[in-house]
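Attaching a single structure in structure tokens format; questions to follow.
Computed from heavy atoms alone, side chains included, the values below leave out hydrogens, waters and symmetry copies. Order of appearance sets the numbers: ligands from 1, and atoms from 1 within every ligand.
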Amino acid sequence: MAAMYSTRQLLAVCVVALSFYLSHGRVNPSFKIKAVNLGGWLVTEGWIKPSLFDGITNKDFLDGTGLQFKSVTVGKYLCAEAGGGNIIVANRTSASGWETFSLWRINETNFNFRVFNKQFAGLDTNGNGIDVVAVSSTPGRSETFEIVRNSNDASRVRIKASNGFFLQAKTEELVTADYAGDSKWGDDDPSVFVMTIAGGLQGEFQVTNGYGPKLAPKVMRDHWRTFIVEDDFKFISQNGINAVRIPVGWWIASDPTPPQPYVGGSLKALDNAFLWAQNYGLQVVIDLHAAPGSQNGWEHSSSRDGSQEWGQTDENIRQTVDVIDFLTARYAKSPSLYAVELMNEPRAPGASLDSMTKYYKAGYDAVRKHSSTAYVVMSNRLSSDDPRELFPLASGLTGSVIDVHYYNLFSDEFNSMSVQQNIDFINTNRSAQLNYVTTSNGPLTFVGEWVAEWTVQGATKEDYQRFAEAQLEVFGRATFGWAYWTLKNVNNHWSLEWMIKNGYIKI
Ligand SMILES: *[C@@H]1O[C@H](CO)[C@@H](O)[C@H](O)[C@H]1NC(C)=O
Ligand SMILES: *[C@@H]1O[C@H](CO)[C@@H](O)[C@H](O)[C@H]1NC(C)=O
Ligand SMILES: *[C@@H]1O[C@H](CO)[C@@H](O)[C@H](O)[C@H]1NC(C)=O
């Protein structure tokens, strides 16, 4: 064939084809992705598959679990006075932020307690060595405690300090680690506390650190091998889906030996996904869902304890760019690499517009270093009130895409909406929001997450069908496409597989 054409003609054809390829997406693309997210696969989210946590000993004591302790003798809660940087007292009648101790798990029985202002509770090593304070910003031996539970009543605990003695509330203002010996667990024992669990996280950090280095590798590899398999790619390709958005965590770039507690092997799973995508003609959007330090403080970005620390240093931003560089280099040759999403759901104000701009620019360049055709997706910041804030940056970058997530959830305004009001909200309000970010000379638009779920109780199958239909219609106007959250989930409506198999959604 090629012999029939001169090199020059061939080159001309290529240039035309390339410029069509690069530009056709910018205005009214003929191809749009109708994708599904592979959530809960390479980045753990406990609510998607709770059984993944079943084998963890003391699985209610994971990293980031908030504990509150009420002294049985004083009748009041332990509290980091002033939120931290001070002594621990036992004089609070109700518990919230200052009275909540966030766990860092060392193993199934030993923990550090992080307080509101991020110091760790520990022994006053500069003083008498037995007063309990919250002054250290890094946890060491004096900041390590064993939680001993009453075998007859798991909510009654004693807390053993590193000096071998138990904590006791001597008075409302004096908490010390100097109670020796056993307990009858009675209400007259100052070393006994009634414990309340106040929230927690079930992300990748929690599951891997929860199992620990001996058990986690096998548990995670079994999960990666079985949760998503090649047949899933076949199923979705046969049901109107043409792409997958795959959340990954930053540690994938140091596979097979990621930093503790993460476990190697997720890169192999991602390699498989690219092979399967190719086998079934599906496109792939790689989505950096968990950035180092956590870009939003939630479990799905692998926050250890709810902290959000991404973007605070240039080194941290550079490390994140390196992850993008690594992933793009690895898959640039695959015909299935369609887009690289630089980061999922950074949250304002912690993730500042300044650090986002710096990172997105450098991340874009890292993708372009290896691929001139992959789209580069930039997720809008949550909690920002300007959905066009990335336009000054993105408009100048060929093949850039803005990702917006639209859920009729997670905000009080939806709590009292009826079925019809939810549908009207899609047709009117979401439609207007999407329209506002979809411009002829700006970035493409992507509804990278949505779901046919709401707060309506007792809705019928037909209600769900209408709700899904409305979203497919409106989000179908996004110029890059959309992606359902997610393929598999124990909560049926959050599982596109279940929704398709049971006739709730037809694409
Ligand atoms: C608790 O004790 C501390 C330390 O003495 C004191 O500063 C604080 O005001 C007390 N708080 C309450 C609510 O009694
Ligand atoms: C847990 O960690 C503590 C503190 O490092 C250690 O003394 C203890 O032996 C460990 N326990 C288990 C069950 O690994
Ligand atoms: C949706 O848009 C309509 C029309 O602009 C507006 O009146 C209504 O307040 C919006 N609803 C919500 C919940 O924001």
Side-chain angles (χ1 to χ4, degrees), residues 55-59 61-63 68-71 74-99 103-113 115-117 120-124 127 131-135 138-149 159-165 169-177 209-216 260-261 385 387 406-436 454-456 470-471 474:
I56 300 177
T57 306
N58 274 337
K59 69 171 178 168
F61 287 167
L62 299 175
D63 288 277
Q68 296 162 345
F69 303 101
K70 191 177 191 175
S71 158
V74 172
K76 295 193 175 171
Y77 288 94
L78 292 186
C79 168
E81 185 57 34
N86 212 308
I87 59 172
I88 302 290
V89 291
N91 66 7
R92 294 307 203 286
T93 50
S94 65
S96 73
W98 292 4
E99 296 78 26
L103 293 182
W104 277 25
R105 180 171 167 129
I106 293 166
N107 56 37
E108 61 201 56
T109 49
N110 284 63
F111 306 89
N112 306 130
F113 295 134
V115 303
F116 187 81
N117 290 338
F120 294 88
L123 301 181
D124 178 16
D131 288 349
V132 185
V133 295
V135 296
T138 50
R141 201 179 120 70
S142 318
E143 285 74 39
T144 300
F145 298 92
E146 180 182 341
I147 302 178
V148 179
R149 296 175 107 158
I159 303 165
K160 195 179 197 176
S162 56
N163 61 4
F165 293 91
K170 278 188 177 143
T171 69
E172 289 195 5
E173 295 178 3
L174 188 59
V175 179
T176 54
N209 202 37
Y211 279 105
K214 284 206 190 70
L215 299 178
Q260 291 251 19
D385 44 23
Y406 291 151
Y407 291 103
N408 280 20
L409 291 160
F410 312 125
S411 163
D412 291 345
E413 66 184 311
F414 299 113
N415 287 350
S416 56
M417 277 191 191
S418 65
V419 168
Q420 192 54 47
Q421 285 169 328
N422 270 285
I423 292 171
D424 291 345
F425 187 85
I426 298 296
N427 289 329
T428 306
N429 308 65
R430 287 300 188 214
S431 175
Q433 288 169 6
L434 181 58
N435 203 34
Y436 181 72
W454 44 23
T455 60
V456 178
Q471 294 187 84
V474 170

So, do Ile106 and Glu146 sit near enough that their side-chain heavy atoms are less than 4.5 Å apart?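 A side-chain contact under 4.5 Å is absent here.
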
Please state which protein non-hydrogen atom is closest to atom 12 (C) of ligand 1 and give its distance, to 0.1 Å? Asn91 ND2, 3.3 Å

Checking ring-ring contact (aromatic ring centres under 6.0 Å, His included) between Trp104 and each of Phe113, Phe111, Phe120, which is the one that passes? Phe120

Sub-4.0 Å protein heavy atom next to atom 14 (O) of ligand 2: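 So far as the 4.0 Å threshold goes, atom 14 (O) of ligand 2 is in reach of a protein heavy atom.
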
Are Arg92 and Glu81 close enough for a salt bridge, meaning some N to O gap below 4.0 Å? yes

Short N/O distance, under 3.5 Å, between Asn107 and ligand 2?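 Among all N and O atoms of Asn107, at least one is under 3.5 Å from an N or O of ligand 2.
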
Side chains of Gln420 and Asp424: donor-acceptor distance under 3.5 Å anywhere?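 Yes.
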
Would the number of heavy atoms belonging to other residues, nucleotides or ligands and lying under 6.0 Å from CZ of Phe61 be above 12? yes

Any idea which protein heavy atom is nearest atom 4 (C) of ligand 1, and the distance to it? Val89 CG1, 4.0 Å

Using a strict 4.0 Å cut-off to heavy atoms of Arg92, name the atoms of ligand 1 that fall inside it.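 Once the distances to Arg92 are compared, the set is 1 (C), 11 (N), 13 (C).
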
Where ligand 3 meets Glu413 - atom numbers and elements under 4.0 angstrom, heavy-atom basis: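 The atoms of ligand 3 under 4.0 Å from a heavy atom of Glu413 are 13 (C), 14 (O).
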
Which atoms of ligand 1 sit under 4.0 Å from any heavy atom of Glu173?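 This gives 2 (O), 5 (O) as the contact atoms.
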
Any idea which protein heavy atom is nearest atom 9 (O) of ligand 3, and the distance to it?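 Of the protein heavy atoms, Asn429 ND2, 4.7 Å lies nearest.
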
Is_contact(atom 7 (O) of ligand 2), protein non-hydrogen, under 4.0 Å: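 Within 4.0 Å of atom 7 (O) of ligand 2, no protein heavy atoms are found.
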
Do the ring planes of Phe414 and Phe425 sit parallel (below 30°), tilted (30 to 60°) or perpendicular (above 60°)?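 Because their plane-to-plane angle is over 60°, the rings of Phe414 and Phe425 count as perpendicular.
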
Record the part of Glu172 in heavy-atom contact with ligand 1 below 4.0 Å; permitted values are side chain, backbone, both and neither.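 For Glu172, no heavy atom sits under 4.0 Å from ligand 1.
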
For atom 5 (O) of ligand 3, what's the nearest protein heavy atom and its distance?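 Protein heavy atom with the smallest distance to atom 5 (O) of ligand 3: Thr428 CG2, 4.5 Å.
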
Among Val133, Val132, Asp131, find the one that has a side-chain contact (heavy atoms from CB on, under 4.5 Å) with Ile87. Val133

Decide side-chain hydrogen bond (donor to acceptor under 3.5 Å, both in side chains) for Thr109 and Asn107; before the verdict, give the C-alpha distance in whole Å, the side-chain angles of both, and the deciding distance to 0.1 Å. CA-CA 6 Å; Thr109 49; Asn107 56 37; 3.2 Å; yes

Within the 4.0 Å heavy-atom shell around Phe425, which atoms of ligand 3 are there?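 Those qualifying, in numeric order: 12 (C), 13 (C), 14 (O).
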
